[in-house]
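This structure is a prediction, so every number in the text was calculated from the model and none was measured. Along the sequence shown, residues are numbered consecutively beginning with 1.
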Amino acid sequence: MAGTAPIPAEELRAAVDAVRPWLDGAAEQPPRAVLGAAVKTSTRWLAQQVPGRSVELRVPPHVAVQLVPGPRHTRGTPPNVVETDAATWLRLATGAVSWADAVAEGRVSASGNRADLGEFLPLRPLTRP
């Protein structure tokens, strides 16, 4: 994330609001570019809030980001990996599903002793009052 301009909360909300009707089951899946923008913006926003390189968060095919302070990993498969699909990630980010439920239901693969992102989710700017 070094050298990248910070993502404002308003930009995060706008990107995710574009896909909320789909997440809520009220619309068809948005175009790939719209969905990708929501995923990329939200994962990168989290990475700027929890900077580090000890966990790799993967939401294929859209993005992989490194975050969480701790030992830095440089080669091969990182020891701490979180992987999920776009819909699950966005539901986690917005608070529509809890980390514990998503992991228990097998919608999130989390390996490594630092791979629990539950304390960072949902993303505060995305929670509804």
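Sequence neighbours left out, the pairs with a member in residues 15-38 that pass salt bridge (Lys or Arg N to Asp or Glu O under 4.0 Å) are Asp17-Arg20, Asp24-Arg128.
Counting heavy atoms from C-beta outward, Leu46 and Trp89 have side chains that approach closer than 4.5 Å. At least one side-chain heavy atom of Val108 sits less than 4.5 Å from a side-chain heavy atom of Val82. The side-chain heavy atoms of Leu90 and Leu126, taken from C-beta on, include no pair separated by under 4.5 Å.
Without hydrogens or angle criteria, Arg114 side chain to Pro69 main chain gives a donor-acceptor distance under 3.5 Å. Of the possible polar contacts, none joining the Thr41 side chain to the Ala38 backbone as a donor-acceptor pair under 3.5 Å is found. A donor-acceptor pair under 3.5 Å is absent between the side-chain atoms of Ser109 and the main chain of Glu83, judged by distance alone. At least one donor-acceptor pair under 3.5 Å links the side chain of Arg91 to the backbone N or O of Leu23.
Residue Arg53 holds its CZ atom at 10.5 Å from CG of Leu67, rounded to the nearest 0.5 Å. If you take NE2 on His62 and CG on Asp85, they are separated by 9.0 Å, rounding to the nearest 0.5 Å. Atoms OG1 and CD, from Thr43 and Gln66 in turn, are 12.0 Å apart once rounded to the nearest 0.5 Å.
Listed by chain and residue number, Glu10 satisfy the salt bridge (Lys or Arg N to Asp or Glu O under 4.0 Å) test with Arg13 (two or more places apart in sequence, or in another chain). For the side chain to side chain contact (heavy atoms under 4.5 Å, CB included) test, residues two or more places apart in sequence or in another chain that qualify with Ala27 are Pro21. Applying the side chain to side chain contact (heavy atoms under 4.5 Å, CB included) rule to Gln49 yields the partners Trp45; only residues at least two apart in sequence or on another chain are considered. Residues satisfying the salt bridge (Lys or Arg N to Asp or Glu O under 4.0 Å) test with Arg107, not counting sequence neighbours, are Glu105.
Residues Ala102 and Val97 approach most closely at N-CG2, 4.2 Å, considering heavy atoms.
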For residues 115-125, please give each side-chain donor-acceptor pair under 3.5 Å, one per line with the distance, not counting sequence neighbours.
| unit_1 | atom_1 | unit_2 | atom_2 | d |
| --- | --- | --- | --- | --- |
| Asp116 | OD1 | Trp99 | NE1 | 2.9 |
| Asp116 | OD1 | Gly118 | N | 2.8 |

Next on the checklist: For a side-chain contact (heavy atoms from CB on, under 4.5 Å) check, start with the C-alpha distance between Asn80 and Val68, then their side-chain angles and the critical distance, and finish with the verdict.
Outcome noted: CA-CA 10 Å; Asn80 299 285; Val68 181; over 6 Å; no
